[in-house]
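In this chain, residues are counted from 1 in sequence order.
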Amino acid sequence: MAAVTSLHSIRVSYYLEAFSRMKRNSLSVVNKIAQFSPAVKQPKLGFYSCLNQAHMYTVLLDWGNLPHHVVLCIFQYLSLIHRARASSVCRRWNEVFHIPWRKFEFELNQSATSYFKSTHPDVIQQIIKKHAAHLHYVSFKVDGSTESAEAACDILSQLVNCSIQTLGLISTTKPSFMNVSKSHFVSALTVVFVNSKSLSSIKTEDSPVDDPSLKILVANNSDTLRLLKMSSCPHVSSDGILCVADHCQGLKELTLNHYILSDELLLALSSETHVNLEHLRIDVVGENPGQVQFHSIKKQSWDALIKHSPGVNVVMHFFLYEEEFETFFKEETPVTHLYFGRSERRAVSKAVLGQIGLNCPLIELVVCANGLQPLDNELICIAERCKNSTALGLSECEVSCSALTEFVRLCGRRLTQLSIMEEVLIPDDDYNLDEIHTEVSKYLGRIWFPDVMPVW
């Protein structure tokens with residue numbers, strides 16, 4: 001198989017190197033075509049007609065006029081060295097050669113502790129030296145080691161000639177970036193914040209980014225920033241997010257932890273100078289640094305946000321112990337998308353789900369864990385009161401087949417996503433597991449089956 005692939009690469013390389021010679025010889029090729037064409041009586045052509053015909057054949061045989069996506073398809077079979085050689089053939093191929101570098105993901109892992117493949121050091125150096133100016137969409141995926149996180153910071157600190165628009169810092173395993181010296185991380189991040197001046201999207205999780213670095217971000221990218229995702233960043237306070245909200249009037253999407261959310265922040269996002277926020281995600285995680293008790297947000301603050309941005313999606317992700325939900329959903333909360341994550345000893349109770357049905361205009365609900373009590377009444381209440389519900393996902397909880405059927409009947413065909421694990425469903429007097437898919441499919445207007453856990 002390797003020999004076949006190698007032979008294929010050699011052939012493609014040979015063709016690419018021949019393309020430049022074909023361009024130079026295109027006129028002679030046209031003459032040969034005219035000379036050896038079938039013996040069909042041709043009308044005599046004037047001088048200008050012959051030139052036009054020659055030009056037409058030249059265009060058809062000019063490999064430099066291939067569309068970008070076709071050249072990209074050819075380039076994918078070549079090694080980096082062969083692509084670099086091909087890029088010297090003409091201007092169009094040179095442009096195509098730089099297209100892949102506009103989006104790049106640096107994968108940094110330690111071979112001793114991770115089975116993921118890392119980006120080769122030679123490739124990293126070539127990107128820094130020759131393609132930094134072309135980078136627009138950059139992400140770093142690192143394992144849980146301090147060495148990988150420090151390597152990511154070293155690369156960031158060298159991107160002085162970049163024009164990055166999207167930056168993502170992703171830790172596949174905690175803690176990673178949190179183990180790096182705060183000064184080292186902030187210094188490297190500042191290089192990108194200062195030099196890019198066109199950042200529109202930033203995503204960072206579990207990192208030591210702080211308020212002063214956010215002020216530098218705002219000072220250099222306030223006109224372009226549209227999305228800011230700051231999850232589990234303990235050195236960021238509500239003051240830092242307020243600074244972003246006050247100065248980045250184009251901000252459309254914001255993700256933060258609940259301990260940063262405040263009435264003052266919601267009112268700042270609701271001010272006349274701020275554009276309409278489209279997406280607000282709040283991560284509610286137990287045992288946050290310094291978190292003693294979850295605070296509540298006033299209804300007036302939520303109302304101000306909804307009045308200013310009536311189409312905003314308020315998304316909340318919960319990873320809490322059952323007793324930690326006490327603060328939430330006691331009064332109207334404009335949450336449109338709710339996700340209850342699963343982890344050891346963490347689950348949402350029936351009482352909380354009952355309050356959600358009464359106080360939230362839900363569009364999407366995902367429950368990954370619940371106790372052993374069926375959620376029949378709670379689901380039916382949500383279907384009756386949340387008239388815009390379009391998606392439901394259930395796992396590691398219990399619902400009777402009749403209750404699910406009633407839920408789907410009430411929602412009807414507006415329910416575009418329905419993902420229910422088979423073990424969630426409890427057969428009853430009306431429906432068993434063999435019958436429920438028929439009833440649910442009837443109300444959805446499409447074929448539906450419960451999800452089944454694969455057995456490998």
Side-chain angles (χ1 to χ4, degrees), residues 104-110 113-114 118-119 121 124-125 127-129 132 135 138-199 201-222 224-225 227-248 254-257 259-260 283 285 287-291:
F104 195 83
E105 181 177 76
F106 294 93
E107 296 190 60
L108 305 171
N109 306 288
Q110 301 302 307
T113 57
S114 176
S118 293
T119 306
I124 293 175
Q125 286 305 311
I127 292 173
I128 292 173
K129 293 178 180 179
L135 290 173
V138 179
S139 62
F140 291 83
K141 184 184 289 185
V142 303
D143 59 12
S145 67
T146 304
E147 293 82 359
S148 297
E150 288 179 341
C153 293
D154 291 338
I155 296 172
L156 279 172
S157 62
Q158 298 178 68
L159 299 179
V160 293
N161 296 317
C162 64
S163 55
I164 295 175
Q165 297 176 14
T166 297
L167 176 63
L169 300 172
I170 305 166
S171 297
T172 55
T173 307
K174 294 181 180 181
S176 196
F177 288 111
M178 289 302 299
N179 283 341
V180 178
S181 163
K182 180 183 173 184
S183 59
H184 186 197
F185 181 86
V186 171
S187 175
L189 204 59
T190 299
V191 170
V192 177
F193 287 174
V194 171
N195 290 283
S196 290
K197 298 187 184 301
S198 59
L199 278 166
S201 174
I202 300 174
K203 301 178 182 179
T204 177
E205 300 178 3
D206 299 291
S207 73
V209 62
D210 58 7
D211 291 350
S213 57
L214 289 183
K215 291 181 180 179
I216 296 174
L217 167 68
V218 168
N220 294 275
N221 302 271
S222 61
T224 58
L225 191 64
L227 181 150
L228 180 63
K229 181 177 181 180
M230 312 286 289
S231 183
S232 298
C233 299
H235 300 296
V236 174
S237 70
S238 57
D239 292 337
I241 301 296
L242 275 170
C243 176
V244 175
D246 286 339
H247 293 89
C248 298
L254 178 63
T255 298
L256 43 78
N257 280 77
Y259 65 86
I260 298 178
D283 292 337
V285 184
E287 301 175 344
N288 279 314
Q291 185 73 40

ask   = Does Lys141 come within less than 4.0 Å of Glu107, counting only side-chain N to carboxylate O?
value = no
key: Set of salt bridge (charged side-chain N to carboxylate O under 4.0 Å, His left out) partners for Glu150, sequence neighbours left out   = none
request  = With sequence neighbours excluded, tell me which residues meet salt bridge (charged side-chain N to carboxylate O under 4.0 Å, His left out) with Glu147.
outcome  = none
For [X], which residues count as a side-chain hydrogen bond (donor to acceptor under 3.5 Å, both in side chains) partner, sequence neighbours excluded?
X      : answer
Gln158 : none
Asp246 : none
Ser176 : none
Lys203 : none

Is there a donor-acceptor pair closer than 3.5 Å between any side-chain N or O of [X] and the backbone N or O of [Y]?
X      : Y      : result
Asn161 : Ala132 : no
Thr204 : Ser207 : no
Ser157 : Asp154 : yes

query = If you round to the nearest 0.5 Å, how far is NZ of Lys129 from CD1 of Ile124?
reply = 12.5 Å
task = Apply the side-chain contact (heavy atoms from CB on, under 4.5 Å) test between Leu135 and each candidate in Thr166, Leu167, Leu159; give the one that qualifies.
result = Leu159
Check: [Y] and [X] side chains under 4.5 Å, non-hydrogen atoms:
X      : Y      : answer
Asn257 : Ser232 : yes
Val236 : Ile260 : yes
Asp143 : Gln110 : yes
Met230 : Thr255 : no

Set of residues satisfying side chain to side chain contact (heavy atoms under 4.5 Å, CB included) with respect to His247, sequence neighbours excluded = Val218, Cys243
inquiry  = According to side chain to side chain contact (heavy atoms under 4.5 Å, CB included), who are the partners of Gln165, at least two apart in sequence or on a separate chain?
reply    = His136, Tyr137, Ser198, Ser200
task = Give the C-alpha distance, both sets of side-chain angles, the deciding distance and a yes or no for side chain to side chain donor-acceptor pair (under 3.5 Å) between Ser237 and Asp211.
result = CA-CA 7 Å; Ser237 70; Asp211 291 350; 2.4 Å; yes
inquiry  = By the ring-ring contact (aromatic ring centres under 6.0 Å, His included) test, which pairs, at least two apart or in different chains, include something from residues 139-175?
reply    = Phe106-Phe140
ask   = Do any pairs count as a salt bridge (charged side-chain N to carboxylate O under 4.0 Å, His left out) and have a residue in residues 158-169, sequence neighbours left out, and if so which ones?
value = none
inquiry  = Test: salt bridge (charged side-chain N to carboxylate O under 4.0 Å, His left out). Region: residues 175-184. Which pairs qualify, not counting sequence neighbours?
reply    = Lys182-Asp210
Show every donor-acceptor pair shorter than 3.5 Å between a side-chain atom in residues 186-196 and any protein atom, with sequence neighbours excluded, or say none if there are none.
{"unit_1": "Thr190", "atom_1": "OG1", "unit_2": "Val186", "atom_2": "O", "d": "2.7"}
{"unit_1": "Asn195", "atom_1": "ND2", "unit_2": "Val191", "atom_2": "O", "d": "2.6"}
{"unit_1": "Ser196", "atom_1": "OG", "unit_2": "Ile164", "atom_2": "N", "d": "3.4"}
{"unit_1": "Ser196", "atom_1": "OG", "unit_2": "Val192", "atom_2": "O", "d": "3.1"}

